[in-house]
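See structure below.
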Protein chains: 2
Amino acid sequence: MEIRDLRSLVAVARTGSFTQAAKDLGYTQSAVSQHIANLERTVGRTLLTRRPVRLTEVGSRLAEHAAHVVLRIDVATTELAAIDDETAEVRVAMTPLADSRHIARALRSVRSASTGARMRMVTCSASVALARVASGDCDLALVDGIVASSSPLVLAEAGLLRSFVVGEEELVVVVPDDHPLRGDSIDLDALTDAQWVIAPDLVCSLPELLHLPPSAVAASATATFTFDGTDLMTLLELVAAGHGLALLPRRVCSLVDGVRTLRVRRPNLVNRTELLVLRSAIDRHRTIITALQG
Amino acid sequence: MEIRDLRSLVAVARTGSFTQAAKDLGYTQSAVSQHIANLERTVGRTLLTRRPVRLTEVGSRLAEHAAHVVLRIDVATTELAAIDDETAEVRVAMTPLADSRHIARALRSVRSASTGARMRMVTCSASVALARVASGDCDLALVDGIVASSSPLVLAEAGLLRSFVVGEEELVVVVPDDHPLRGDSIDLDALTDAQWVIAPDLVCSLPELLHLPPSAVAASATATFTFDGTDLMTLLELVAAGHGLALLPRRVCSLVDGVRTLRVRRPNLVNRTELLVLRSAIDRHRTIITALQG
DNA sequence: TCAGCTTACGCCGAGCGTAAATATG
DNA sequence: CATATTTACGCTCGGCGTAAGCTGA
């Protein structure tokens, strides 16, 4: 069982495609095919169905182990490479809707402490943010997600990463102005059959949120309007045009006309933003972390 | 960074020798040397001192990551190989002084439940027991160690293994009958300068116990009598002959004449025995586990 | 001096890419 | 029929063992 094979398994599982995985990893698609064949030969069982490409039960188990292994290898490499790295640049990977107000302020205080500090920030998906931090491509990840209050957002991954809660925000359902729903609040369970505008790159969908099985997630994804982008204004315009509803933190909903918001009555359901740091890099970024918590 | 290189690093770190690591892994010594050279080249720093072979600071960091990776790879392999494995044999790896009374009884109840059940038991060091369980060579590990009561014995390794406390036993200092120490109890701190018979394969030594730095451990190892064996009777005879003291659970001390025991006054210090199982194999061995806990 | 780690070197196998074959929807 | 994975094949590169070299106790 080789690391490159496990990397390919993780990539195929994530992308759902041999071809895309190969592109991500810088291989030809043929090579990825051989990697998976290697694993399936050593395990003696099918790890993935083809057409569509999906993990089998056994494949899921191995993929979980593989993800841990790959992450730890990346973290180890990053950690050892950072030992005598004196670059002062702070690089932050964040999900598009993560609450960046606090870190923006914290970075100001770093700038005033050391005048030459350079900074870089990039938005991406939560899993990409995690990978960027693990690989040393970024120092900090600021990710958000919908969770029951006080439950963990990301698996803090066996002591490799440490997470700090940056904030929790109220969730609202965004509806068009002319939507029949009245009142100023709503129970999510009443909306399972509603039409949704799903923006997987921007926020998790309702079926995922309610922990429905993958089949239901896939079904709802075809049944509703899917927006493959991270542009918040476009999403809200789609809602205003009546293509469906959206579930968002209230902070981001006042961008366009033609929509109104309903408070979510589901108790303890919030949009949490967390800061992720490699445990081995906590000292290096203590200034920012303490500024965030202060 | 390749798995075989990391395996070699772990083996060299454990054995303190390239040659021995190569034997353990089934390579030539030259190959292991190349593995370490690979790692040192990719990291760009020295991982091990030579003569004597010891981990550097950087090497320790990488070795810890490597141990996690290797363990998880082994566990994944074992887990997937066990999916359609219907052998009824129960294989237990245990440390020599682990309290086996309860598992012996638990295995009786398994035997009466299914008459054809085969069993195998082997004694080895705790780390070997862990490796045997991870590699699927054994199903259960029964390991003991001296700990403060209610603190964990083995790192339950990031969710890969689950541990069950089998029992905690009182610790005693074994002294020759004619030893000047009087009374029936003693404070361990009064014994740091005493002569000890150290049996690293049987029980951890006092300096290790008191969390002294490695230098102190090494120094004491040369200053006292070292017994490289697991034979309890021989150890007690060495104590009786005045070569030094030993720290043991009371249960095992009545084997020879010429020694007496002093209760350890250090509060909360016990010899704990734990059962380790792969999380993925808990269901398979539920009969034994429930019998142990009942 | 000698045990033990490193280096040189040649052979072999493994993995990659190209390209043709195959399968599925 | 189009798209995506598998298989065939050859080339290259990397890793292994053998054996010679080196070095510190």
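Below, read A as the first sequence line, B as the second, and so on, with proteins coming before strands; counting in each chain starts at 1.
Atom CZ of B:Phe18 is separated from atom P of C:dT7 by 11 Å (rounded to the nearest Å). Taking atom CD on B:Glu2 and atom P on D:dG15, their separation rounds to 7 Å, with Å as the unit. In this structure, CD1 of A:Ile3 is placed 14 Å from P of C:dG15, rounded to the nearest angstrom. Between B:Leu39 atom CG and D:dG14 atom P the separation is 16 Å, expressed in whole Å. A:Ile36 places its CD1 atom 13 Å from the P atom of D:dT7, with the value rounded to the nearest Å. Whole-Å rounding puts the B:Gln20 CD to C:dC5 P distance at 10 Å. Atom pair B:Glu40:CD and C:dC5:C1' shows a separation of 12 Å (rounding to whole Å applied).
Across A:Arg120, A:Arg284, A:Arg91, a single residue satisfies side-chain hydrogen bond (donor to acceptor under 3.5 Å, both in side chains) together with A:Asp139, and that is A:Arg91. B:Leu276 pairs with exactly one of B:Leu142, B:Val143, B:Leu140, B:Leu160 by the side-chain contact (heavy atoms from CB on, under 4.5 Å) rule, that one being B:Val143.
Take B:Asp5 and apply the side chain to side chain contact (heavy atoms under 4.5 Å, CB included) test, not counting sequence neighbours, and it matches B:Glu2, B:His35, B:Asn38, B:Leu39. Scanning for side chain to side chain contact (heavy atoms under 4.5 Å, CB included) contacts around A:Ser60 gives A:Leu55, with sequence neighbours left out. Take A:Glu79 and apply the side chain to side chain contact (heavy atoms under 4.5 Å, CB included) test, not counting sequence neighbours, and it matches A:Val75, A:Ser280, B:Arg61, B:His65.
Between the side chains of A:Ser33 and A:Gln29, not a single donor N or O lies within less than 3.5 Å of an accepting N or O.
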For this session: Assign a letter to each nucleotide of nucleotides 16-25 of chain C from its 5' end: B, base within under 4.0 Å of a protein heavy atom; S, sugar-phosphate only; -, no contact.
Result: BBB----BBS
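Here salt bridge (Lys or Arg N to Asp or Glu O under 4.0 Å) pairs that include residues 6-19 of chain B, with residues two or more places apart or in two chains, are B:Arg7-B:Asp74, B:Arg14-B:Asp24.
The stretch residues 6-16 of chain B has no heavy atom under 4.0 Å from DNA chain D, so no residue of it qualifies as close.
Across all their heavy atoms, A:Val43 and A:Met1 have their closest contact at CG2-CE, 4.5 Å.
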